[in-house]
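Worksheet: the structure to be examined is printed underneath.
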Amino acid sequence: MPIAVDIDVMLARRKMSVGELADRVGITPANLAVLKNGRAKAVRFATLAALCEVLECQPGDLLRWEPEGAEELEGTAELAGG
């Protein structure tokens, strides 16, 4: 998927658990896991804003764009010794 989710990075920086973040944002741990693992098809701006408020970060700290096939290219470079 071209959009990568870095919620784990922010959780580690804030020394916060997934359960605590879910409680503070007001979503279920299961829905947070779907978002965190990149399986979500959409995210509401209200949820994104709540995540940013609780984690004291910007949306770009949580979401980033990666070109399609970036993982495959990286694997190919590693096999070629690059």
Side-chain angles (χ1 to χ4, degrees):
M1 169 175 251
I3 301 297
V5 181
D6 290 327
I7 291 175
D8 283 338
V9 173
M10 293 308 297
L11 282 171
R13 287 182 183 167
R14 302 296 185 251
K15 296 179 172 61
M16 187 181 298
S17 71
V18 172
E20 181 183 352
L21 179 60
D23 284 344
R24 292 179 61 184
V25 169
I27 61 176
T28 67
N31 283 341
L32 181 58
V34 167
L35 179 60
K36 185 174 75 75
N37 295 322
R39 295 189 316 264
K41 299 292 181 195
V43 59
R44 291 188 172 128
F45 281 166
T47 303
L48 183 58
L51 287 166
C52 289
E53 182 177 352
V54 170
L55 293 170
E56 298 178 355
C57 66
Q58 294 295 313
D61 296 325
L62 301 176
L63 304 172
R64 63 188 156 81
W65 178 81
E66 289 184 346
E68 285 283 345
E71 300 88 26
E72 293 141 19
L73 291 176
E74 288 175 12
T76 304
E78 289 173 7
L79 291 175

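Numbering starts at 1 and runs along the sequence shown.
- Nearest heavy atom pair, residue L32 against residue A22, reads CD2-N, 3.8 Å.
- Residue V54 is not grouped with residue V9 when hydrophobic side chains (ILVMFWY) are merged at heavy-atom distances under 4.5 angstrom, including chains of intermediate members.
- F45 is not connected to M10 by any chain of hydrophobic side-chain contacts under 4.5 Å among Ile, Leu, Val, Met, Phe, Trp and Tyr, and they are in different clusters.
- Taking the side-chain contact (heavy atoms from CB on, under 4.5 Å) definition, one finds that L63 meets it with I3, V5, L48, sequence neighbours left out.
- Within a 6.0 Å radius of CD in E20, more than 12 heavy atoms belonging to other residues, nucleotides or ligands are found.
- Closest non-hydrogen pair, L21 versus I7, comes out as CD2-CG2, 3.9 Å.
- Heavy-atom minimum distance, L62 versus C52: CD1-SG, 4.0 Å.
- At a threshold of 4.5 Å between side-chain heavy atoms, the hydrophobic network of Ile, Leu, Val, Met, Phe, Trp and Tyr places V43 and L55 in one connected group.
- Enclosure of atom CZ in R14 by more than 12 non-hydrogen atoms of other residues, nucleotides or ligands within 6.0 angstrom is indicated.
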